[in-house]
There are 2 protein chains.
Amino acid sequence: MPNRKAVQAITLSVVKTACSNCNLHELCLPLGLSHEEVEKLDELVSARRRLKRGEHLYRAGETFGAIYAVRSGFFKTDVLLEDGREQVTGFQMTGELLGLDGISTETHSCNAVALEDSEVCAIPFSHLEGLSREIHTLQHHFHKVMSREIVRDHGVMMLLGTMRAEERLAAFLLNLSQRFTARGYSPAEFYLRMTREEIGSYLGLKLETVSRAFSRFQEEGLIAVQQKHVRILDIGKLKRLMSHHTRD
Amino acid sequence: MPNRKAVQAITLSVVKTACSNCNLHELCLPLGLSHEEVEKLDELVSARRRLKRGEHLYRAGETFGAIYAVRSGFFKTDVLLEDGREQVTGFQMTGELLGLDGISTETHSCNAVALEDSEVCAIPFSHLEGLSREIHTLQHHFHKVMSREIVRDHGVMMLLGTMRAEERLAAFLLNLSQRFTARGYSPAEFYLRMTREEIGSYLGLKLETVSRAFSRFQEEGLIAVQQKHVRILDIGKLKRLMSHHTRD
DNA sequence: GTGCCCCTTTGATCCACGTCAACGTGCCCG
DNA sequence: CGGGCACGTTGACGTGGATCAAAGGGGCAC
C-alpha cells in the first residue's frame with residue numbers, strides 16, 4: 001500500500017499532470033525533448049481524464065479541440081456508416097495518440113472507446129501548434145507521429161486488400177506482440193483487450209472466422225489461446241505464414 | 001501557339017516555380033495564405049519536376065527529403081509486400097500532396113508512379129517545417145492536410161473491410177467524381193487514368209471483378225463506360241447502392 | 001455463491017468473388 | 001496503315017469466408 005506521502009504525490013500529479021515525471025517519454029510526444037522543453041510541454045497538457053471500460057473518449061461529430069495521449073489502458077477507434085456498418089480503424093495503447101483525425105475538419109470523424117479502465121492526457125491542439133512553433137524537436141516529432149499513422153493505415157489497407165484470414169490474424173498478433181514489447185511487456189504472452197468481434201471488424205472478418213483462425217493456430221502449435229489470453233509459441237512460423245500465401 | 005513573350009514567361013516560371021501565380025491555391029498548400037505569405041512559400045518550392053507516364057517520382061526505401069504537390073497529371077502510390085503482393089494505396093490528382101508517408105522514418109514507405117505525363121512541385125520538408133513555424137496558417141493547413149489523409153485512409157479501410165464489390169466501385173467512382181468537380185471538371189464525365197487492375201488493387205478486388213461490376217452498372221443504366229471513359233448517368237442510384245447492402 | 005448474459009467455439013451450408021481460360025479491342029509504333 | 005500487345009470483357013467453375021444455428025464457458029452483478 002502507498003503511504004500518505006505517495007498518495008499525496010499521486011493526487012498532485014493528477015492536478016498538475018506532468019510529462020516530466022511520466023515514464024512514457026520514449027513512446028509519447030516528449031520523445032527527444034530536453035528537460036526544459038518537457039517542462040514547457042507539461043503546461044499544455046491541460047488535464048488528465050479517467051475513463052471506465054466502455055466509456056467514449058469522444059464521438060464522431062463532436063467538435064475537435066484536443067488530441068489525447070493514452071497514459072494507461074487500451075482504446076479502440078471506429079467509424080460508422082449511415083447504414084449501421086462499423087469498422088474498427090485501430091487499437092491504441094499506452095503512449096499512443098488519439099484524435100488526429102479531428103484536425104482536418106475540426107470535427108472528430110470516428111469514435112474512441114476505452115476497452116478497459118483507462119487514463120488519457122488531453123493536449124489542446126492549438127497549444128500544441130503554438131509550442132511546436134517554438135520547439136523544433138516537438139514540431140518534427142509530431143509530424144513524424146502523424147506520418148507514422150498514415151504508414152500504419154497503409155499497412156492495414158494492404159492487410160485488408162491482399163491478405164487471407166489467417167495471414168491477417170497473424171499480422172495482427174505480431175503487431176500486438178511488437179507493441180507490447182516496446183512497452184516492456186512480454187513479446188510472447190499477453191491479454192487481448194478486445195472481443196473476437198472487434199478483432200474481426202478491424203481485420204475485415206466475421207467473428208466466427210477469427211475464432212476459427214485462432215483455433216487452427218492452436219491446433220498447429222503456433223499459439224496457445226484461452227479466451228483473451230494469448231501465448232505465442234512459434235513466432236517464426238507465424239511470420240512465415242504471412243509470406244507463404246497460396247493466393248496468386 | 002503562344003508568342004515569344006508567353007514562352008519566356010513559361011520558361012521563367014519553370015525556373016522560379018511560383019505558388020503565387022499557380023491556379024491551385026485553393027486545393028494545394030497555400031490555401032488561406034495572404035499574398036505576402038504565398039510569396040514566402042514560393043521560395044521554398046525548390047523545383048518543379050516533370051515525369052513521363054510510368055515514371056517513378058520516388059520509390060519505397062529511398063531517403064525522404066521533400067514532399068511533392070501535383071501540379072498537373074495523375075499519380076498512384078503503392079506498397080509492396082516481400083512476396084510480391086502489391087496494394088495501390090491511393091491515386092493523387094492536381095493539388096494533392098505526395099510523400100507524407102516518408103516523414104515518419106525519413107524513408108519513403110511506398111512507390112509513387114505517374115499514370116500520365118505529370119508535373120510536381122518539390123517542397124523540401126525541412127523548409128516547410130521552418131516556414132510553418134513562421135506562418136501559423138501554413139502550419140495549421142499542413143496539419144489539416146495530414147489529418148485529411150488519415151481520415152481518407154480510414155474511409156478506404158471501411159471500404160475494404162465492410163463493402164462488397166459493387167459498393168466499393170460505386171464509392172470509388174463517386175469519390176473521383178467529387179474530386180474532379182472540385183477541380184472544375186465535370187462531375188459526371190471523366191477519363192480514368194488507371195487500369196482495371198490498378199482500380200482492383202486499390203479496392204481489394206481482382207481486375208475481372210472490377211470489369212464485371214462496370215458491366216453491371218452499365219446494364220443497370222447507372223453509368224456508361226467505354227474503356228477508360230466513364231459517364232455517370234444516375235448519381236443518386238450510385239449513392240444509394242452504397243447504403244442498400246445485403247450483407248449483415 | 002449462483003445465475004444470467006455475453007463471448008466464444010464449432011458445425012453445416014451458401015454465395016460472392018477469385019481463378020482459369022478464351023476471346024475482343026483499341027492504341028502505339030514501326 | 002497494319003501488326004502486335006497490353007488491356008478489357010465474358011464465361012465456367014472452385015473456394016474461402018460469410019451466414020445460420022446451436023451449444024458451451026466465464027465473469028460479473030447481486
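By convention in this document, chain letters (A, B, ...) are assigned in the order of the sequence lines, proteins followed by strands, and residues within each chain are numbered from 1. Worth saying up front: this structure is predicted, and the values here are computed from it rather than measured.
Using a 4.0 Å heavy-atom distance criterion, A:G204 is classed as a sugar-phosphate-only contact. Using a 4.0 Å heavy-atom cutoff across all strands shown, A:E208 reaches at least one base atom of the nucleic acid.
Computed from coordinates, the B:I199 CD1 to D:dC7 P distance equals 13 Å when rounded to whole Å. Straight-line distance from the CG atom of A:L169 to the C1' atom of D:dG17: 14 Å, rounded to whole Å. The nearest whole Å value for the distance from the CD atom in B:Q227 to the P atom in C:dG24 is 15 Å. The separation between A:E198 atom CD and C:dT8 atom P is 9 Å, rounded to whole Å. The distance between atom CZ of B:R164 and atom C1' of D:dA18, rounded to the nearest whole Å, is 10 Å. One can place CD of B:E166 at 8 Å from P of C:dC17, the figure rounded to the nearest angstrom. Computed from coordinates, the A:M163 CE to D:dG17 C1' distance equals 17 Å when rounded to whole Å. Whole-Å rounding puts the A:R196 CZ to D:dG24 C1' distance at 15 Å.
At least one donor-acceptor pair closer than 3.5 Å links the side chain of B:R85 to the backbone N or O of A:T162. Of the possible polar contacts, none joining the A:R183 side chain to the A:G95 backbone as a donor-acceptor pair under 3.5 Å is found.
Looking at residues 209-219 of chain A, you'll see A:T209, A:R212 sit with a heavy atom under 4.0 Å from some atom of DNA chain D.
Heavy-atom nearest nucleotides on DNA chain C were determined for B:R53 and for B:A165, and the one closer to the 5' end corresponds to B:A165. Heavy-atom nearest nucleotides on DNA chain D were determined for B:L207 and for A:Q226, and the one closer to the 5' end corresponds to B:L207.
The aromatic rings of A:F180 and A:Y185 sit perpendicular, their planes meeting at an angle over 60°, well past the 30° parallel limit. B:Y58 and B:Y68 have parallel rings, their planes meeting at less than 30° on a 0 to 90° scale where 60° marks the start of perpendicular.
Annotation: cation-pi pair B:R196/B:F214 present, NZ/CZ under 6.0 Å from the ring centroid and within 45° of its normal.
Residue A:K228 places at least one side-chain N or O under 4.0 Å from the OP1 or OP2 atom of C:dT8.
Between B:R152 and B:E149 there is a salt bridge, since a side-chain N of the basic residue sits under 4.0 Å from a carboxylate O of the acidic one. Taking a cutoff of 4.0 Å between a charged side-chain nitrogen and a carboxylate oxygen, B:R148 and B:E96 do not qualify as a salt bridge.
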